[in-house]
Number of protein chains: 2
Amino acid sequence: MRRGRERLEAMLEGLRASGLRLTPQRVAICEVLATSRSHPTAYEIHRRLRRQFPTMSLATVYKTLDALVRLGLVSALGDAGDGMVHYDGDTEPHINLVCLSCHRVQDLEGVAVRALHRTVAARSGYALKGARLVYYGLCPECQRKAQTAASPEA
Amino acid sequence: MRRGRERLEAMLEGLRASGLRLTPQRVAICEVLATSRSHPTAYEIHRRLRRQFPTMSLATVYKTLDALVRLGLVSALGDAGDGMVHYDGDTEPHINLVCLSCHRVQDLEGVAVRALHRTVAARSGYALKGARLVYYGLCPECQRKAQTAASPEA
DNA sequence: ATGCATGCAAACTCTTTGCAAACGC
DNA sequence: GCGTTTGCAAAGAGTTTGCATGCAT
């Protein structure tokens with residue numbers, strides 16, 4: 001994944017530039033965020049890295065995420081109906097889709113929102129740092145499941 | 001506020017229609033949500049109603065908010081950098097502005113997002129239930145404060 | 001060699017739940 | 001009057017913090 005590699009470099013460079021150390025744990029966390037399309041939670045990142053770092057603490061994940069968000073290298077998407085904060089390694093404005101049934105989060109490609117971003121910046125007077133464009137609903141798969149469950153006799 | 005009155009009626013009707021009782025506490029919570037522009041948290045709603053209902057419990061606020069959100073009568077905006085969930089009595093798709101410094105949330109009027117909503121619905125295949133269009137940054141006021149603090153010698 | 005980062009565990013905060021008393025319908 | 005809702009308190013869950021040890025620079 002080419003795009004992920006670029007993002008990873010940007011994160012590592014950002015950490016380095018702000019004087020933070022590139023520990024193996026931090027690099028691994030950045031890798032997960034840069035290459036994953038799943039918009040993981042802190043807990044999911046921790047779970048995915050436990051094989052590689054059996055002693056890694058959840059606190060380390062949280063501390064690293066906190067640093068990355070503060071540096072603007074990662075976006076905090078907020079919760080997806082599951083009470084946990086999901087993170088997105090892609091800080092370009094784009095649309096996220098949250099399924100209220102399976103709590104999955106995915107990107108919606110091909111819908112441009114740069115123009116919207118510029119409009120908001122111009123009209124709001126805010127110094128924009130980021131955006132969360134999240135649409136909620138039922139993903140196609142969960143729609144099918146809901147339909148099947150609702151009419152099992154059919 | 002004309003708009004608020006309509007929203008209030010819609011909430012009360014929605015509660016009634018789903019068989020929930022219109023207790024004074026619930027009506028008051030709906031009033032706060034329908035008429036406020038501040039996108040309050042559960043805690044803020046509770047604080048604002050303590051004069052009127054000295055014994056009102058935070059749990060009641062949470063339970064009522066939960067019902068309203070589940071019925072689609074209120075939107076949960078997620079946190080605004082303060083770790084608390086903010087609620088919005090306006091469920092029409094619109095843009096929220098969050099100030100990362102003072103944690104205020106306001107609406108951005110005059111930017112149409114209906115077309116975006118339709119596009120997302122069409123391209124995603126999701127059965128959309130709602131949206132959170134949140135832009136983060138520093139509000140004009142906090143920008144001034146930051147500038148003053150940064151160059152106090154000027 | 002220096003001092004920041006990790007990992008553990010305890011603390012914190014927001015939110016949810018259980019249950020008896022109160023109240024809307 | 002019946003069954004839901006409230007309010008209290010305690011539990012629950014995610015996240016944060018403090019501190020000694022370990023490691024990146």
Side-chain angles (χ1 to χ4, degrees), chain A residues 11-32 39-71 73-87 103 105, chain B residues 11-30 32 39-47 49-71 74 76-87 103 105:
Chain A
M11 289 184 204
L12 298 182
E13 179 51 35
L15 288 176
R16 205 178 295 136
S18 63
L20 296 172
R21 289 178 183 168
L22 295 187
T23 65
Q25 291 94 328
R26 283 182 177 164
V27 173
I29 291 167
C30 290
E31 277 172 352
V32 171
H39 307 81
T41 64
Y43 183 80
E44 285 163 359
I45 294 172
H46 180 247
R47 182 162 47 75
R48 282 178 59 170
L49 294 176
R50 280 211 68 135
R51 291 167 253 173
Q52 200 176 340
F53 301 91
T55 65
M56 179 184 264
S57 163
L58 242 185
T60 299
V61 178
Y62 278 112
K63 285 170 185 168
T64 300
L65 286 170
D66 189 55
L68 289 169
V69 170
R70 218 172 27 229
L71 292 171
L73 300 165
V74 161
S75 302
L77 295 181
D79 82 296
D82 53 359
M84 290 187 244
V85 179
H86 289 248
Y87 294 87
H103 300 142
V105 184
Chain B
M11 289 184 202
L12 298 183
E13 180 51 35
L15 288 175
R16 205 178 296 139
S18 64
L20 296 172
R21 292 178 181 167
L22 295 187
T23 64
Q25 292 93 329
R26 281 182 177 163
V27 174
I29 290 168
C30 289
V32 171
H39 306 80
T41 64
Y43 182 79
E44 285 163 359
I45 294 172
H46 181 249
R47 182 161 48 74
L49 294 175
R50 279 211 68 135
R51 292 167 253 173
Q52 202 176 339
F53 301 91
T55 66
M56 178 185 262
S57 163
L58 240 184
T60 299
V61 178
Y62 277 112
K63 286 170 185 168
T64 300
L65 286 170
D66 190 53
L68 289 169
V69 170
R70 218 172 28 229
L71 292 171
V74 161
L77 294 180
D79 81 296
D82 52 1
M84 291 185 242
V85 179
H86 289 246
Y87 295 87
H103 301 143
V105 184

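Chain letters run A, B, ... following the sequence lines, proteins first and then strands; every chain starts at 1.
- Of the two residues contacting DNA chain C, namely Lys63(B) and Pro24(B), the nearest-nucleotide position lying further toward the 5' end is that of Lys63(B).
- Leu15(A) is listed as a side-chain neighbour of Cys30(A), based on a closest heavy-atom distance under 4.5 Å.
- Panel note: side chain His86(B), backbone His39(B); a donor-acceptor pair is recorded below 3.5 Å.
- For the pair Leu58(A) CG and dA9(C) C1', the computed distance is 13 Å after rounding to whole Å.
- In terms of phosphate contacts, Thr60(B) brings a side-chain nitrogen or oxygen within less than 4.0 Å of OP1 or OP2 of dG7(D).
- Under the side chain to side chain contact (heavy atoms under 4.5 Å, CB included) test applied with Leu58(A), the options His46(A), Lys63(A), Arg47(A) reduce to a single match, His46(A).
- Following rounding to the nearest Å, Tyr87(A) (OH) and dG14(D) (P) show an atom-to-atom distance of 13 Å.
- When rounded to the nearest whole Å, the span between CZ of Phe53(A) and P of dG22(D) equals 18 Å.
- Between Thr23(B) and dT5(D), a side-chain N or O to OP1/OP2 separation shorter than 4.0 Å is absent.
- Heavy-atom distances to DNA chain C give each of Leu22(B) and Ala42(B) a nearest nucleotide, and the one nearer the 5′ end belongs to Ala42(B).
- Mapping Asp66(A) and Ala59(B) onto DNA chain D via the closest heavy atom, the residue that lands nearer the 5' end is Ala59(B).
- Taking for each of Thr41(A) and Leu20(A) the nucleotide of DNA chain D with the nearest heavy atom, the 5'-most of the two is the partner of Thr41(A).
- Rounding to whole angstrom units, CZ of residue Arg47(A) and P of dG14(D) are separated by 13 Å.
- Using a 4.0 Å cut-off, some side-chain N or O of Thr55(B) falls inside it from OP1 or OP2 of dG7(D).
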One pair to check against side chain to side chain contact (heavy atoms under 4.5 Å, CB included): Leu71(B) and Leu20(B). What are the steps and the verdict? CA-CA 11 Å; Leu71(B) 292 171; Leu20(B) 296 172; 4.2 Å; yes

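- Atom CG of Leu15(B) is separated from atom P of dT4(D) by 16 Å (rounded to the nearest Å).
- In this model, the phosphate group of dA24(D) is not approached by any side-chain N or O of Gln25(A) to a distance below 4.0 Å at OP1 or OP2.
- Closest approach to the Ser57(B) side chain among dT15(D), dG7(C), dG7(D) is made by dG7(D) (side chain taken as heavy atoms from C-beta onward).
- The base of dC25(C) is not paired with the side chain of Arg21(B) by any donor and acceptor separated by under 3.5 Å.
- In this structure, Leu22(A) CG and Glu13(A) CD are separated by 9.0 Å, a value rounded to the nearest 0.5 Å.
- Taking 4.0 angstrom as the limit, Arg26(A) places none of its side-chain polar atoms (N or O) nearer than this to OP1 or OP2 of dA24(D).
- In this structure, CG of Asp82(B) is placed 12 Å from C1' of dT13(C), rounded to the nearest angstrom.
- The nearest whole Å value for the distance from the OH atom in Tyr62(A) to the C1' atom in dT16(D) is 9 Å.
- Atom CG of Asp79(B) is separated from atom C1' of dT13(C) by 13 Å (rounded to the nearest Å).
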